[in-house]
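Residue numbers run from 1 in the order of the sequence given. Just so it is clear, the model here is predicted, and its values are computed rather than measured. FYI, side chains are in, hydrogens and waters are out, and symmetry mates aren't considered; it's all heavy atoms of this structure. Indexing begins at 1, ligand by ligand and atom by atom, following the structure's order.
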Amino acid sequence: MCGIFGYLGHQQALPILVEGLRRLEYRGYDSTGVAVEHDGRIETHKTVGKVADLKAILPPTVEGTLGIAHTRWATHGGVTQVNTHPHASENDRVHLVHNGIIENFQQLRKGLAARGIACISETDSEVIAQMIALELEKAATPLEAVQSTLRRLRGTWGLCILLKDHDMLICARNGSPLIIGQGDGETFVSSDPHPLTAHTQRVVYLEDGDVAVIHRDSFSITSMKGHSVEPSITVLEDAWGEAELGDAPHYMYKEIYEQPDALRQCISGRVDRDMGTGRLGGMGLDHSALVQAPHVRLLGCGTAAYAAEIGQMLIEKMGRIPAVAHISSEFRNNDTVINPKAIYLAVSQSGETADTISAVKEIKLKGGQVFGVVNVVGSTIARLCGQGVYIHSGPEQSVASTKAFTNMVAALTIFATQLGRTRHLSKDDGRELIAQLQQAPHLMETYFEDVGPIAEAVDLLCGANSVLFLGRGLSATVAKEGALKLMELAYIPCLAYPAGEMKHGPIALLEEGSPVVVIAPNDHLKEKTMSALHEVKARGAKVILIHEKGDAIASEGDVSIAVPAIHPWLTPLLTVVPLQLMAYETALRLGRDVDRPRNLAKSVTVE
Ligand code: GLU
């Protein structure tokens with residue numbers, strides 16, 4: 001969601017800024033702009049639409065080695081040219097790009113109006129530029145002007161500020177990620193690590209409350225109150241450089257097919273096959289802590305919430321202790337009881353999900369221990385928790401999550417096994433599970449050799465007014481993930497229900513030809529799921545059945561898609577894959593933007 005890129009160095013800034021924006025596109029946005037300084041003049045270009053649209057309106061050359069750029073995901077004010085960032089102060093001295101939300105902007109706007117300054121945009125962001133311009137008149141330094149302005153803001157910000165006649169950038173972070181990359185005689189600013197890898201591996205993640213003054217070959221960090229902060233340099237992982245599309249038609253396609261390798265990355269070195277257990281070193285939990293934990297709570301949003309829900313079921317199955325998965329945005333506002341002995345797991349691909357970050361802060365404030373289950377190394381949740389497990393999916397750029405989902409499930413499976421082995425899970429059962437988990441990447445590859453009649457399923461889905469997804473147990477959650485995927489990519493209303501609950505409501509939706517997706521792996525719930533299948537067929541519905549290869553139930557579906565058989569606790573790793581492909585192919589058939597579905601953002605950094 002929304003992206004910032006800044007540059008100050010010895011090269012022409014514009015191409016670097018535009019390329020930075022291009023690499024931030026996957027986060028999701030609706031408009032984009034850039035401002036470059038040259039000889040005391042700041043030239044701004046902005047447009048509603050994509051980075052390619054911005055490129056199309058840029059003059060052939062814009063001189064300047066200092067600039068800022070932005071992809072906006074509108075929160076305050078419509079998607080218009082005027083509301084697009086960068087925003088400038090009335091006197092043109094301050095230009096800035098902002099990610100986040102200023103909660104008290106209306107009050108601040110009134111204060112500015114009382115001083116005769118009228119904002120021209122509807123955004124919350126513009127007030128910041130106007131306020132800094134006023135502060136500049138009385139402050140001793142630009143840094144002080146920014147610091148005193150920030151102290152009056154309530155809300156969240158990642159800010160990159162360009163000041164007329166000052167050869168520097170000032171950046172600030174509070175709740176929206178911002179990273180400084182130090183090159184040779186040039187410094188970069190970005191809201192995520194991905195665009196920086198093309199330029200440097202040496203980065204500093206700003207912390208909440210930090211304000212950084214950036215020069216060509218150095219930068220310094222202070223707090224909002226002016227105390228100096230020691231930067232800690234991180235070296236970026238190489239994997240973030242390997243995120244180009246290559247020959248694949250879309251990132252989602254590429255990432256679906258990367259799942260076997262991603263899964264191997266996640267599992268490797270983290271299981272002990274002899275002892276039949278997991279070995280998640282980064283959790284720093286000894287056996288006695290696991291034995292004493294009274295319960296586990298898991299947090300996530302969207303796909304991560306569904307991975308958390310599967311984690312919940314596996315923890316209860318293996319660990320025999322209560323586990324609950326929560327939607328982060330609900331958890332943080334419901335004043336949930338925190339037991340300091342319990343284990344809390346925060347699940348997030350980006351590690352920047354604002355609602356999950358707030359939930360983590362709430363738990364920590366109440367004395368709870370939170371462990372991150374995160375993909376992006378060095379992200380806010382990873383640093384805030386300070387302990388946990390990286391899922392190692394590699395960069396995921398399609399807005400719709402695929403390989404991060406399966407790796408979250410795998411990481412939580414390993415955790416559940418580790419917890420289970422300190423309690424009721426026998427060595428033999430643990431060994432069996434670990435052996436099958438290690439087989440899962442290979443089984444995914446086997447499925448990819450023959451993905452089944454996906455095109456026929458797409459025929460049924462394309463013209464549908466709505467689609468119902470049904471499953472039981474772990475598959476009830478897989479149904480939710482499948483429904484989410486199809487809905488977000490194809491814009492078809494989808495409903496997921498535990499199969500047993502279908503007759504208590506959604507059956508009313510069914511009419512002749514309604515497509516219903518039924519997920520029925522060969523577990524102890526299959527027979528019951530099949531009852532629901534018969535009930536929907538009796539109402540004329542057309543069933544797309546996901547089943548295990550060789551299972552006689554294949555004849556029951558109007559379209560039947562077989563996945564390889566696996567341990568009943570690991571079925572989500574395989575049954576979700578055809579659902580991903582169905583969503584991808586349906587979206588393509590309907591002409592949707594598969595990698596960047598409308599209105600959605602990859603990392604949701606606002607609440
Ligand atoms: N709240 C600001 C706006 O609506 C910034 C949104 C963003 O983070 O892109 O313009």
Requested in this report: Ignoring hydrogens and angles, state whether a donor on the side chain of Glu25 or Tyr29 is under 3.5 Å from an acceptor on the partner side chain.
Outcome: yes
Report task. Verify whether one side chain among Glu126 and Ser121 offers a donor that lies under 3.5 Å from an acceptor in the other. Result -> yes
Query raised in the report: Taking atom 9 (O) of ligand 1 as the point of reference, which of Cys2, Ala74, Gly78 owns the nearest heavy atom?
Result: Cys2
Query raised in the report: Which atoms of ligand 1 are found less than 4.0 Å from any heavy atom of His85?
Result: 2 (C), 3 (C), 5 (C), 10 (O)
Query raised in the report: Quick one: which ligand 1 atoms are inside 4.0 Å of a heavy atom on Thr123?
Result: 10 (O)
Query raised in the report: Just checking, any donor-acceptor pair under 3.5 angstrom between side chains of Thr222 and Gln147?
Result: yes
**Report entry** Pair Lys485-Thr303, side-chain donor/acceptor within less than 3.5 Å
**Finding:** yes
**Report entry** Which of the ligand 1 atoms, numbered from 1, are nearer than 4.0 Å to a heavy atom of His98
**Finding:** 5 (C), 7 (C), 8 (O)
Query raised in the report: Given that the side chain starts at C-beta and the backbone is N, CA, C, O, which of these parts of Asp124 lies under 4.0 Å from ligand 1, counting heavy atoms, or is it both or neither?
Result: side chain
**Report entry** ligand 1 contact by Gly77, heavy-atom criterion under 4.0 angstrom
**Finding:** no
Query raised in the report: Taking both backbone and side-chain atoms of His76, is any N or O found less than 3.5 Å from an N or O belonging to ligand 1?
Result: yes
Query raised in the report: Which residues pass the salt bridge (charged side-chain N to carboxylate O under 4.0 Å, His left out) test with Arg592, sequence neighbours left out?
Result: none
Query raised in the report: His166: what forms a ring-ring contact (aromatic ring centres under 6.0 Å, His included) with it, not counting sequence neighbours?
Result: none
Report task. Go through the side-chain N and O atoms of Glu135 and Thr149 and say whether any donor and acceptor fall under 3.5 Å apart. Result -> no
Report task. Output yes when the distance from some N or O of ligand 1 to some N or O of Ile101 is under 3.5 Å, and no in every other case. Result -> no
Report task. For His70, counting its heavy atoms only, list the atoms of ligand 1 lying under 4.0 Å from any of them. Result -> 9 (O)
